[in-house]
> 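Mind looking over this structure? Questions follow.
All of these numbers come straight from a predicted model, not from anything done at the bench.
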Amino acid sequence: MNKKFLFSVLLIGMSINLFSQSNIAEVNKINGFYIFVDSSPLEDYEVLGEVKVDELDKEVIKSEGQYSAIRDNIIKSARLVNYTAEGLIFQYINGGTDKAIMIKFKNKSEKNNLAKVEQFQGLYVFTDCKPTKEYKYIETVKFSGGFNNLQYSNVRDTLIKRVRKKHSDAQGIMLKFVIGGNDLGDAIKF
């Protein structure tokens, strides 16, 4: 009885610790895929293959490389290629072909939707995900860099610079990509 209680307390403590880390996020699930952008899954997985953006797709061409169009095109292609894949780890490449690694988790777990997000210029970046730790909203910054700079990393880096310049106390940025509008970044602190 004592061992079960101790194990339960330990398990709860570990769960609380995981959810209190600033770089842990709950990722979005789109069309059956967990989406990992500038992040990596916490749970073990196997790689099933790779899928690239269809650069001849009308929507991709029309968007001039906007995040949402690229992401949606890769999701559509991945679903056609592999029905067993559960997640996509995106790799955006300026001046190259954007792609995603298709993954399948080794175990069925409620934590398959959790990721460790990357840090750029001192800020944790949350794209298609939200922090598991409670945070305070500071301000929203807009991207208005022109039509030739729409690739994901250009938009991300510009929004990060604007947040860093205005809010030295910011610890993270939640990116929001708007089709046909200004992309946004919410500055946050934990």
> Before giving the answer on side-chain contact (heavy atoms from CB on, under 4.5 Å), spell out for Gln119 and Asn23 the whole-Å C-alpha distance, their side-chain angles and the decisive distance to 0.1 Å.
CA-CA 8 Å; Gln119 197 174 40; Asn23 65 336; over 6 Å; no
> In chain order, what residues pass the side-chain hydrogen bond (donor to acceptor under 3.5 Å, both in side chains) check against Asp169, with sequence neighbours excluded?
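Checked Asp169 against side-chain hydrogen bond (donor to acceptor under 3.5 Å, both in side chains); matches are Lys189.
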> What residues form a ring-ring contact (aromatic ring centres under 6.0 Å, His included) with Tyr45, not counting sequence neighbours?
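Testing Tyr45 for ring-ring contact (aromatic ring centres under 6.0 Å, His included), a comparison that skips the adjacent residues, returns none.
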> Closer than 4.0 angstrom, basic N to acidic O: yes or no for Lys52 and Asp98?
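Salt bridge flag = no for Asp98 with Lys52.
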> For the pair Ser22 and Gln171, evaluate side chain to side chain donor-acceptor pair (under 3.5 Å) and give the outcome as yes or no after the intermediate values.
CA-CA 8 Å; Ser22 300; Gln171 296 172 305; 5.6 Å; no
> Between Phe126 and Ile138, is there a shared hydrophobic cluster once you connect ILVMFWY residues whose side-chain heavy atoms come closer than 4.5 Å?
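Not linked; separate clusters.
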> Inspect the contact between Asp183 and Lys142 and indicate whether a charged nitrogen and a carboxylate oxygen are less than 4.0 angstrom apart.
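No, Lys142 and Asp183 are not salt-bridged.
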> Are Phe120 and Val27 co-members of a hydrophobic cluster defined by side-chain heavy atoms under 4.5 Å apart?
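They do not share one cluster, since no chain of ILVMFWY contacts under 4.5 Å joins Val27 to Phe120.
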> Verify the cluster assignment for Tyr34 and Met102: are they in a single hydrophobic cluster under the rule of side-chain heavy atoms below 4.5 Å apart?
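No, Tyr34 does not connect to Met102 through the hydrophobic network.
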> Which atom pair, heavy atoms only, marks the closest approach of Glu55 to Ile61?
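Answer, listing the atom of Glu55 first, then Ile61: O-CG1, 3.5 Å.
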> Is there a path of hydrophobic side-chain contacts, each under 4.5 Å between heavy atoms, that joins Leu48 and Ile75?
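Yes: a chain of side-chain contacts under 4.5 Å links Leu48 to Ile75.
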> Applying side-chain hydrogen bond (donor to acceptor under 3.5 Å, both in side chains), can you list everything that pairs with Gln121, at least two apart in sequence or on another chain?
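Testing Gln121 for side-chain hydrogen bond (donor to acceptor under 3.5 Å, both in side chains), a comparison that skips the adjacent residues, returns none.
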> Whether the side chain of Asp54 engages the backbone of Leu56 through a donor-acceptor N/O pair (distance < 3.5 Å, no angle test) should be reported.
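It does hold such a pair.
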> Would you say that Arg71 contacts Asp128 through its side chain, given a criterion of any heavy-atom pair below 4.5 Å between the two side chains?
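Contact flag for Arg71/Asp128 side chains = yes.
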> Report the relative orientation of the aromatic rings in Tyr152 and Phe177; use parallel for angles under 30°, tilted for 30 to 60°, perpendicular for over 60°.
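Ring orientation, 0 to 90° scale: tilted.
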> Could you state the interatomic distance from OG1 (Thr140) to CG (Leu184), rounded to the nearest 0.5 Å?
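That separation rounds to 6.5 Å.
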> With a 4.5 Å cut-off on side-chain heavy atoms, are Met174 and Ile188 touching?
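Yes, close enough: below the 4.5 Å cut-off.
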> Measuring from atom CD of Gln21 to atom CG of Leu114, what distance do you get when rounded to the nearest 0.5 angstrom?
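Answer rounded to 0.5 Å: 10.5 Å.
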> For a side chain to side chain contact (heavy atoms under 4.5 Å, CB included) with Tyr67, tell me which candidate from Val37, Asp72, Val178 qualifies.
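When Val37, Asp72, Val178 are each tested with Tyr67, the side chain to side chain contact (heavy atoms under 4.5 Å, CB included) holds only for Val37.
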> Under the criterion salt bridge (Lys or Arg N to Asp or Glu O under 4.0 Å), I'd like the reasoning laid out for Glu46 against Lys106: C-alpha separation, chi angles, the key distance, then a yes or no.
CA-CA 7 Å; Glu46 61 182 284; Lys106 291 187 176 182; over 6 Å; no
> Over all heavy atoms of both residues, which pair between Ala100 and Ile74 is shortest? Give the atoms and the distance, please.
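Looks like CB-CG2, 3.6 Å.
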> Verify whether the ring centers belonging to Phe90 and Tyr92 lie closer than 6.0 Å.
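Aromatic pair counts; centres sit under 6.0 Å.
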> Sequence neighbours left out, what passes side chain to side chain contact (heavy atoms under 4.5 Å, CB included) with Ser39? Give chain and number order.
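Result, side chain to side chain contact (heavy atoms under 4.5 Å, CB included) vs Ser39: Phe36, Ala115, Val117.
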> So Ile89 and Ile103, side-chain contact (heavy atoms from CB on, under 4.5 Å) or not? Walk me through it.
CA-CA 8 Å; Ile89 302 172; Ile103 63 168; 3.9 Å; yes
> So which pairs with a foot in residues 34-44 pass salt bridge (Lys or Arg N to Asp or Glu O under 4.0 Å), sequence neighbours left out?
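Sorted result for residues 34-44: Asp38-Arg156.
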> What closest approach, in Å, do Ala78 and Leu88 show between heavy atoms, and which atom pair accounts for it?
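Nearest heavy atoms, Ala78 then Leu88: CB-CD2, 3.7 Å.
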> Checking Glu86 side chain against Lys104 main chain: does a donor-acceptor pair fall under 3.5 Å?
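No: the side chain of Glu86 does not pair with the backbone of Lys104.
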> So, for Ala187 and Val163, which heavy atoms are closest and what is the spacing to 0.1 Å?
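Looking at all heavy atoms of both residues, the closest pair is CB-CG1, 3.7 Å.
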> Check step by step if side-chain contact (heavy atoms from CB on, under 4.5 Å) holds for Ser109 and Lys111.
CA-CA 5 Å; Ser109 170; Lys111 296 180 186 173; 3.5 Å; yes
> How many angstroms lie between atom NZ of Lys99 and atom CD of Glu50, to the nearest 0.5 angstrom?
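Going from the NZ atom of Lys99 to the CD atom of Glu50 covers 4.0 Å.
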> Looking at Asn28 and Ile30, would you say the former's side chain and the latter's main chain have a donor-acceptor pair under 3.5 Å?
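A pair under 3.5 Å: no.
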> Working to the nearest 0.5 Å, report the span between CZ of Arg164 and NZ of Lys161.
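The distance works out to 13.0 Å.
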> To the nearest 0.5 Å, what is the distance between NZ on Lys176 and OG1 on Thr127?
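Between atom NZ of Lys176 and atom OG1 of Thr127 there are 12.0 Å.
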> Is the backbone of Glu26 close enough, under 3.5 Å, to the side chain of Thr132 for a donor and an acceptor to pair up by distance?
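Such a contact is absent between Thr132 side chain and Glu26 backbone.
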> State the CG-NZ distance between Asp186 and Lys130, to the nearest 0.5 angstrom.
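Between atom CG of Asp186 and atom NZ of Lys130 there are 13.5 Å.
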> Tell me which pairs pass side-chain hydrogen bond (donor to acceptor under 3.5 Å, both in side chains) where either residue lies in residues 73-82, with sequence neighbours left out.
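Only Asn82-Thr84 qualify under side-chain hydrogen bond (donor to acceptor under 3.5 Å, both in side chains).
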> Look at the side-chain heavy atoms of Ile, Leu, Val, Met, Phe, Trp and Tyr, link any pair under 4.5 Å apart, and say whether Phe143 and Ile160 land in one connected group.
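As far as the 4.5 Å side-chain criterion goes, Ile160 and Phe143 are connected within one cluster.
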> Does Tyr135 OH have over 12 foreign heavy atoms under 6.0 Å away?
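Open.
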